[in-house]
Amino acid sequence: MPSSTVVIGVDSSTQSTKAAFVDAATGRLLAVGRAPHRVTGEAGARESDPEEWWRALGEAVAAGLRESGAAASAVTGIAVAGQQHGLVVLDDAGRPLRPALLWNDTRSAPQATALTAALGGPAAWTARTGSVPVASMTAAKWQWLREHEPYAAESAAAVRLPHDFLTERLAGVAATDPGDASGTCWYSTATGAYDPGLLGLAGLDENLLPPVVPTGATRVGSLTRGAAALLGLPAGIAVAAGTGDNMAAAVGLGLGGAGLLDHPVLSLGTSGTVFAATRTRPASPALAGFAATDGTYLPLACTLNCTLAVDKVAALLGLDRDDAAPGGEAVLLPYLDGERTPDLPAASGLLTGLRHDTTPQQLLGAAYEGAAVTVLRALDEVLRACGLDPADPDVASRPLRLVGGGARGRTWVETVRRLSGRPLLIPETGELVALGAAALAAGAVSGRDAVAVASEWGAGGGTEVPPLERDLATWHRVTSVLAGLVDG
Ligand SMILES: Nc1ncnc2c1ncn2[C@@H]1O[C@H](COP(=O)(O)OP(=O)(O)O)[C@@H](O)[C@H]1O
Ligand SMILES: O=C(CO)[C@@H](O)[C@H](O)COP(=O)(O)O
């Protein structure tokens, strides 16, 4: 591949769209174009207009093109990684029939409970899909739509996830990948295909879904003339299948079959996620057992309240996000959006341990601690799903890779360091999801394995932060309040 070619990786996540322009030969990040999109809704509702994602994708690509100084003619491929699980329903002209129901919309919790029971409980689900339905899963959202807006469900000519909605706009071809499909609860990680029985349970016609192509780096088509004109890119360049945002972060870090296996990652974004890439198909009811893009798997735990929730607490207190001190006796579980891990969709924020001398800075620190402990609690289960013993010194000393917007924040890094007691590895590149998507685009152009491409690019490398002695007093204080919430 000539060194002058450029690939674009798009991260269409909850709060914004980022387009990474990457030198395909060296992996050098030339520029990242950004554009925000809105999330609306109250009382558990979280929705976004897919047309806004499409507009934001155009703006982010235009900004990246300007800032990179790259000639549009140098661009050879593009791939989209998107926030997982969102339900997009389209009419027969490909227009959204309503706003997308997002991963953090908890209105679908009762439908998730009913689906779990309908198949005979959690074990039956993990055996088939790798995951147990919770409000986030697409199947629960589809059931919610059927019950609450039957007209929209009956009129749907196509059902899409966020990333494959955008891929189809680029290539004019319907396609998805095993990674994002595995977050629907109608795709089986055991068979690597849609599960007819689960589609029957959801009353969903398979013809409404995009075909699942073998990997996110599969070339599904070429940039259409219309999309090319809109984006200022050459028509005919490769469009990859793309994937979900967590799977793309794994690719960017070089995790998977052709790279690093069984090493933990913590992503601090709107969601907090903890995961690893492994060869063993996960089937733990405590985790989502996703497929990765390349035939490996991604056991993952996801919380609903991470950076956005902590920023909200900082705003309530009138503090900047790094004006925090360790929480002391105060415990703050910032479950502003309900919670998914543990599965408490109706939860709200909880504060305890206040004293006369508690400071606003401690309250903010307690919010960081509450959010961090909530996601870190699942780390041992992720390691067990990889077939590892979390207490094994070799396993305990594996660095935790920190990604997502929060990994740029001093207080996040120090809080995770203190509460995990692990060495951390903070990649130089902040935009691992977009970079992973760029590697998928490079794979679609060259036919090479995207994880191998990303490993060669070296994007996973970064700063190693040595461990601190683990703050077990805070850990136990937070986990005991959390346990009370679960039991209560
Ligand atoms: N320097 C920083 N310090 C702490 N948090 C940050 C910093 N920069 C960005 N963030 C947080 O990162 C979040 C966005 O991260 P990102 O991974 O892009 O989220 P998402 O993928 O959910 O849209 C914001 O909620 C913001 O609070
Ligand atoms: O639901 C999940 C994972 O199962 C979330 O991780 C979403 O994929 C949204 O990610 P961010 O926007 O927070 O990156």
Side-chain angles (χ1 to χ4, degrees), residues 15 264 266-274 301-342 344 347-380 399-426 430 463 465-486:
Q15 299 183 55
L266 177 66
S267 171
L268 303 167
T270 313
S271 64
T273 65
V274 61
C302 174
T303 65
L304 296 188
N305 301 283
C306 195
T307 57
L308 196 61
V310 170
D311 280 355
K312 184 65 190 284
V313 173
L316 283 174
L317 294 167
L319 297 175
D320 287 336
R321 57 161 78 107
D322 282 322
D323 282 344
E329 283 184 47
V331 173
L332 202 165
L333 300 178
Y335 299 166
L336 311 186
D337 272 329
E339 197 32 272
R340 165 168 162 190
T341 310
L344 298 167
S348 51
L350 185 140
L351 171 62
T352 176
L354 271 187
R355 301 275 181 198
H356 277 292
D357 57 358
T358 307
T359 65
Q361 288 76 11
Q362 285 177 313
L363 288 184
L364 178 56
Y368 276 95
E369 291 166 356
V373 168
T374 304
V375 62
L376 282 169
R377 268 171 93 235
L379 175 57
D380 283 358
L400 184 59
R401 287 166 164 74
L402 223 56
V403 302
R408 306 287 119 196
R410 179 169 50 81
T411 309
W412 274 115
V413 171
E414 286 311 308
T415 306
V416 170
R417 198 176 169 213
R418 181 161 57 85
L419 292 171
S420 70
R422 283 180 168 271
L424 307 180
L425 197 157
I426 305 173
T463 310
V465 182
L468 283 178
E469 189 178 344
R470 197 164 173 207
D471 177 357
L472 285 171
T474 301
W475 180 271
H476 291 311
R477 208 166 24 241
V478 177
T479 50
S480 71
V481 174
L482 210 163
L485 199 62
V486 174

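Quick caveat: nothing in here was measured; it's all calculated off a predicted structure.
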Partners meeting side chain to side chain contact (heavy atoms under 4.5 Å, CB included) with R477 (sequence neighbours left out): V331, T474
Chi angles and distances behind the side chain to side chain contact (heavy atoms under 4.5 Å, CB included) call for V310, L364: CA-CA 7 Å; V310 170; L364 178 56; 4.1 Å; yes
T303 side chain vs V375 backbone, donor-acceptor pair below 3.5 Å: no
Any residue meeting side chain to side chain contact (heavy atoms under 4.5 Å, CB included) with A301, in chain and number order, not counting sequence neighbours: V274, L287, T341, A378
Partner set under side chain to side chain contact (heavy atoms under 4.5 Å, CB included) for A330, not counting sequence neighbours: T358, L363, A366
Side-chain touch L424/T463, heavy atoms, less than 4.5 angstrom: no
Qualifying salt bridge (charged side-chain N to carboxylate O under 4.0 Å, His left out) pairs with a residue from residues 333-342, counting only residues at least two apart or across chains: R46-D337
Where C306 and S271 come nearest, the two heavy atoms and their spacing: CB-C, 3.6 Å
Distance-minimising heavy-atom pair for T270 and T307: N-OG1, 3.5 Å
Within-4.5 Å side-chain heavy-atom neighbours: V478 and L333: yes
Qualifying residues under salt bridge (Lys or Arg N to Asp or Glu O under 4.0 Å), relative to R422, sequence neighbours excluded: none
Nearest heavy atoms of N305 and G338, plus distance in Å: ND2-O, 2.6 Å
Where T352 and V481 come nearest, the two heavy atoms and their spacing: CG2-CG2, 3.9 Å
Gap between atom CG of L400 and atom CD1 of I426 - 0.5 Å precision: 9.5 Å
Listed once per pair and sorted, the salt bridge (charged side-chain N to carboxylate O under 4.0 Å, His left out) pairs that draw on residues 355-378, sequence neighbours left out: E329-R355, E369-R418
Nearest-0.5 Å distance, CG of residue L316 to CG of residue D311: 11.0 Å
Verdict with reasoning, L350 to Y335, per side chain to side chain contact (heavy atoms under 4.5 Å, CB included): CA-CA 7 Å; L350 185 140; Y335 299 166; over 6 Å; no
Y368 side chain vs G327 backbone, donor-acceptor pair below 3.5 Å: no
All salt bridge (Lys or Arg N to Asp or Glu O under 4.0 Å) counterparts of D380, not counting sequence neighbours: none
Non-hydrogen atoms of P360 and L319 that approach each other most closely: O-CD1, 3.5 Å
Set of residues satisfying side chain to side chain donor-acceptor pair (under 3.5 Å) with respect to S267, sequence neighbours excluded: none
Taking distance alone, no hydrogens or angles, what donor-acceptor pairs closer than 3.5 Å link side-chain atoms of residues 401-412 to residues at least two apart or in another chain?
{"residue": "R408", "atom": "NH2", "partner": "P427", "partner atom": "O", "Å": "2.9"}
{"residue": "T411", "atom": "OG1", "partner": "D322", "partner atom": "OD1", "Å": "2.5"}

Minimal non-hydrogen separation, A309 against P334, with atom names: CB-O, 3.6 Å
Any residue meeting side chain to side chain donor-acceptor pair (under 3.5 Å) with T415, in chain and number order, not counting sequence neighbours: none
Side chain to side chain contact (heavy atoms under 4.5 Å, CB included) against A325, all qualifying residues, sequence neighbours excluded: Q361, Q362
Flag side-chain contact, heavy atom, 4.5 Å: P466 against P423: no
